[in-house]
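When a residue number appears, it is its place in the shown sequence, counting from 1.
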Amino acid sequence: MEEKILDVRKIIPFERHELIFRTFEELKPNESFVLINDHDPKPLYYQFKYEQEGKFQWEYLQQGPDLWKVKITKT
């Protein structure tokens, strides 16, 4: 099974979170995608924690300095 990649580096910043949450909502339980970003998406993590508490897993695969990769899994 091919891993789903969501690279938001070229997406206008104010459109990123909506796209990321829409991608998350389309996942089935235990499916995931890898988010690629140009900065640490820590604010996004806190938004997930607030809106999706207990429904996701967050795993850093790469942490900067120029590229961040986070595996987000729907639980």
Side-chain angles (χ1 to χ4, degrees):
M1 181 183 212
E2 189 174 317
E3 191 160 48
K4 186 173 193 168
I5 304 291
L6 180 59
D7 185 342
V8 297
R9 291 175 291 175
K10 295 188 183 204
I11 306 294
I12 300 169
F14 73 86
E15 294 179 351
R16 291 179 181 184
H17 283 207
E18 181 183 341
L19 175 61
I20 293 164
F21 276 95
R22 188 170 56 240
T23 301
F24 177 77
E25 288 300 322
E26 292 172 355
L27 295 175
K28 294 180 176 88
N30 299 313
E31 288 185 339
S32 61
F33 67 95
V34 174
L35 173 67
I36 299 175
N37 206 349
D38 55 9
H39 65 275
D40 186 350
K42 190 171 278 195
L44 177 69
Y45 169 78
Y46 291 119
Q47 186 176 354
F48 260 96
K49 189 164 175 54
Y50 178 75
E51 295 180 13
Q52 301 292 331
E53 180 91 34
K55 299 177 185 175
F56 76 100
Q57 291 180 334
W58 181 277
E59 177 187 357
Y60 281 102
L61 303 176
Q62 183 173 338
Q63 292 182 275
D66 300 317
L67 186 71
W68 276 259
K69 292 183 179 181
V70 179
K71 183 176 182 179
I72 301 173
T73 304
K74 189 176 210 176
T75 56

Are Val8 and Leu27 grouped together when hydrophobic residues (ILVMFWY) are joined by side-chain heavy atoms under 4.5 angstrom apart? yes

**Prompt:** Can any side-chain N or O of Thr75 pair as donor or acceptor with the backbone N or O of Lys55 at less than 3.5 Å?
**Reply:** yes

In this structure, CG of Leu44 is separated from CD of Glu51 (nearest 0.5 Å) by 9.5 Å

dist Ile11:CD1 -> Glu18:CD (nearest 0.5 Å) comes out at 11.0 Å

Notebook entry, point to check: Can you tell me if CD on Gln63 sees more than 12 non-hydrogen neighbours from other groups inside 6.0 Å?
Noted result: yes

Exactly one candidate in Tyr45, Trp68, Tyr46 meets ring pair (Phe, Tyr, Trp, His ring centres under 6.0 Å) with Trp58; the answer is Tyr45

All heavy atoms of Arg16 vs all of Arg9, minimum pair found to be NH2-O, 3.2 Å

- Whether over 12 other heavy atoms sit under 6.0 Å from Lys69 NZ: no

Minimal heavy-atom distance between Ser32 and Lys71, with the atoms involved, is OG-CE, 3.2 Å

Give me the ring orientation class for Phe48 and Phe21: parallel if the planes are under 30° apart, tilted from 30 to 60°, perpendicular past 60°. parallel

Taken to the nearest 0.5 Å, the spacing of Leu67 CG from Leu61 CG works out to 10.5 Å

* To do: Would you check if the side chain of Lys74 reaches a backbone N or O of Glu25 as a donor-acceptor pair within less than 3.5 Å?
  => yes

Assigning hydrophobic clusters by single linkage (Ile, Leu, Val, Met, Phe, Trp, Tyr; side-chain heavy-atom cutoff under 4.5 Å), is Leu19 placed with Phe24?
yes

Taken to the nearest 0.5 Å, the spacing of Ile20 CD1 from Ile72 CD1 works out to 6.5 Å

One should read off an interatomic distance between Asn30 CG and Gln57 CD, to the nearest 0.5 angstrom, of 8.0 Å

Rounded to the nearest 0.5 Å, the CG atom of Leu35 sits from the OH atom of Tyr60 at a distance of 9.5 Å

